[in-house]
2 protein chains.
Amino acid sequence: MLPELKLAPLRYVLAILDSGGFHAAAKQLHRSQPAISMAVRDLEERLGQPLFEKGGGKALLTPFGRWCEPRFRELVAHHDRVCRDALAIARQQRGRVDIAAVPSVASRLMPALLAGFLEAYPGIDISLQDGHSERVNEMVLKGEVELGITSLWLPDDTLRFDALLHDDIGVVCRDDHPLAQKDALHWRALKPYTLIRNGTSRLLEGSPAAELLAHSTLYISNMISLTAMLEAGIGVTTLPRLAFQEEHQRLRFIPLATPHLERRIGLLRRARQSLSPAADAMYGYLMAQLEGSHR
Amino acid sequence: MLPELKLAPLRYVLAILDSGGFHAAAKQLHRSQPAISMAVRDLEERLGQPLFEKGGGKALLTPFGRWCEPRFRELVAHHDRVCRDALAIARQQRGRVDIAAVPSVASRLMPALLAGFLEAYPGIDISLQDGHSERVNEMVLKGEVELGITSLWLPDDTLRFDALLHDDIGVVCRDDHPLAQKDALHWRALKPYTLIRNGTSRLLEGSPAAELLAHSTLYISNMISLTAMLEAGIGVTTLPRLAFQEEHQRLRFIPLATPHLERRIGLLRRARQSLSPAADAMYGYLMAQLEGSHR
DNA sequence: ATAAAATGATCAGTAAAACTTACCATAATA
DNA sequence: TATTATGGTAAGTTTTACTGATCATTTTAT
């Protein structure tokens, strides 16, 4: 029914018009002149009407050709636009990544990392949102973000986790607390004190130290509230080192030596789903930057 | 630099998405399945990114592929739109003709002709304007109209004239005028009477009757004014038969027998310029309708 | 007026592309 | 576990697009 107008002949026609003749167009397009003639003739046959006047020695458009010219230009321009945009995205010169990270990573690690990424990939837009690890997990799973930076939650065959760094668990208390002078702790050393649980406390689960959780009666999810509690000397808590905010001068972080606990922070992505070029750039960048640096 | 995205592979991709698989798309497109696979792979290589997920058995888009899909659809749709419109014009199902005609033809011949044309070519828009032959000539020459219907003015090698009909020159006078009873006239019979010249009077030039013009002191260009003058009995005039309005009951048309003068009415178009498909339809229609009918 | 140079068209042969048939590997289905 | 999907691969064929040589006209220059 509809003949297929290939783009090359359309370009030939436009080149003829722009350069003023078949020979000039041929040179411009690095083709032989008969190639141009034949392509134009084929195009005219498909359309059922000549585009160029046949008589004179010069290449002049017919009225039909004059009607066609602007549409051909638009169509070719449209093609080139789509082509250019697609390539820019494929080449990671443009695009967008949506990332989610646990708050500690988002606030402690990402600023420097994103600054470097923004410089390396100036055309890529980034959206970063934080959430606790469960929420990050869910966002990746639901496709709300392409990449998550989190501690591994539930190993899932629809998700893929690539470890980036290990983050030791420790105890945080005020500097005048009896524990504050220690260099390393055994979990039993915490038993006499009030333990404030927080969002990261479930990292203790499955270890001997889990016993502490059972005796804890205070749970604070918000990090700001938690540090306020600790600064008020109400109790102690456990935190991964990365989640410990060093700028609080009266708080101390003491590594938990026995059991040695750590969370594995890494990149989370859907397993059977490839990344967008922009996300792939981010993925590669993060892997390269954090490879070995904190392990 | 920019790779050329051929339209066929884009259609393949869309067909895969619409039909849900490579095999189904192949059947729908009347191609073999490997043809689809190879075209898609080639397209992916050109873009530098896969469009479909490789792992699973099903045809699922990558994020990059999801970005591409709507643009591919738009591009293909754009192509089809241009293609369809161009074909409609080429096939004379749509388009526009601008015509100019001398007033007599415009009012006496064109109504019936255009009615027929409108029926035969329902998609074609027509613009008809009238003007004296010199003006029609100029409009065709300047490209203001594609076709003129006029008596040949100056044979010009940039214009082409195709005769349609011969229009006899005669004398017009009131029914009580001495000449009104004659069947045919010799030019000298006019000498005693007041001759009113009009726009068609120069048709007498170059004939013996031209002598009459020298003695005429009244020139009326407007046909309504001219008939009013004739009805008032002020004088007589010469007119081609087609320009004589038979609905004026008190006016008579007497053919000029000696010299036998006629104007050749025909189609005027630019010589070295082909017609738009719509104008070509009009040209062919008019030639067919008037061929022989009035000659 | 004549020669020279330019225009686009034509034709045969060739290189490139797109496609088909046959077959393979893998994943979902019965 | 056999079956029937899926899509991928390879060799061979058809189709398309192109080149090089040549021609007919028209325009330009002498």
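Naming: A, B, ... by sequence-line order, numbering from 1 per chain. Heavy-atom basis, side chains included; hydrogens, waters and symmetry copies ignored.
Centroid-to-centroid, the aromatic rings of A/F22 and A/F52 come within less than 6.0 Å.
Remark: A/G21, A/F22, A/H23 in residues 3-25 of chain A come within less than 4.0 Å of DNA chain C through at least one heavy atom. Contacts of residues 31-48 of chain B with DNA chain C (heavy atom under 4.0 Å): B/R31, B/S32, B/P34, B/A35, B/M38.
First and last contacts of DNA chain D with chain A, using any nucleotide atom under 4.0 Å from a protein heavy atom and ordered 5' to 3', fall at D/dT16 to D/dA21.
Note that CZ of B/F161 is 8.0 Å distant from CD1 of B/I265, once rounded to the nearest 0.5 Å. Atom CD1 in A/I89 sits 12.0 Å away from atom CZ in A/R96 (nearest 0.5 Å).
Every pair passing ring pair (Phe, Tyr, Trp, His ring centres under 6.0 Å) that includes a residue from residues 63-95 of chain A is listed here, sequence neighbours excluded: A/H78-B/H78. The stretch residues 47-60 of chain B participates, sequence neighbours left out, in these side-chain hydrogen bond (donor to acceptor under 3.5 Å, both in side chains) pairs: A/Q273-B/E53, A/S274-B/E53, B/E44-B/K54.
Sparse packing is recorded around CD of A/E119, with 12 or fewer heavy atoms of other residues, nucleotides or ligands lying under 6.0 Å away.
Side-chain atoms of B/Q33 do not come within 3.5 Å of backbone N or O of B/H23 as any donor-acceptor pair. In this structure, the side chain of A/E146 engages the main chain of A/S276 through a donor-acceptor pair within 3.5 Å. In terms of modelled atom types and a separation under 3.5 Å, the side chain of A/R263 and the main chain of A/T150 share no donor-acceptor contact.
The pair B/D80-B/R11 meets the salt-bridge criterion, since a charged nitrogen lies less than 4.0 angstrom from a carboxylate oxygen. For A/D85 and A/R81, the salt-bridge test fails: no basic side-chain N is under 4.0 Å from an acidic carboxylate O. Between B/E262 and B/R264, at least one side-chain nitrogen of the basic residue sits less than 4.0 Å from a carboxylate oxygen of the acidic one, meeting the salt-bridge criterion.
In this structure, A/K27 atom NZ and C/dG8 atom P are separated by 12 Å, rounded to whole Å. Per the geometry, CG belonging to A/L51 stands 15 Å off P belonging to C/dG8, to the nearest Å.
Nearest heavy-atom pair across B/Q289 and B/L113 is CB-CD2, 3.6 Å.
From one end of the helix from C/dA1-D/dT30 to C/dA30-D/dT1 to the other, with five pairs defining each end axis, the axis direction shifts by 30° (rounded to 10°).
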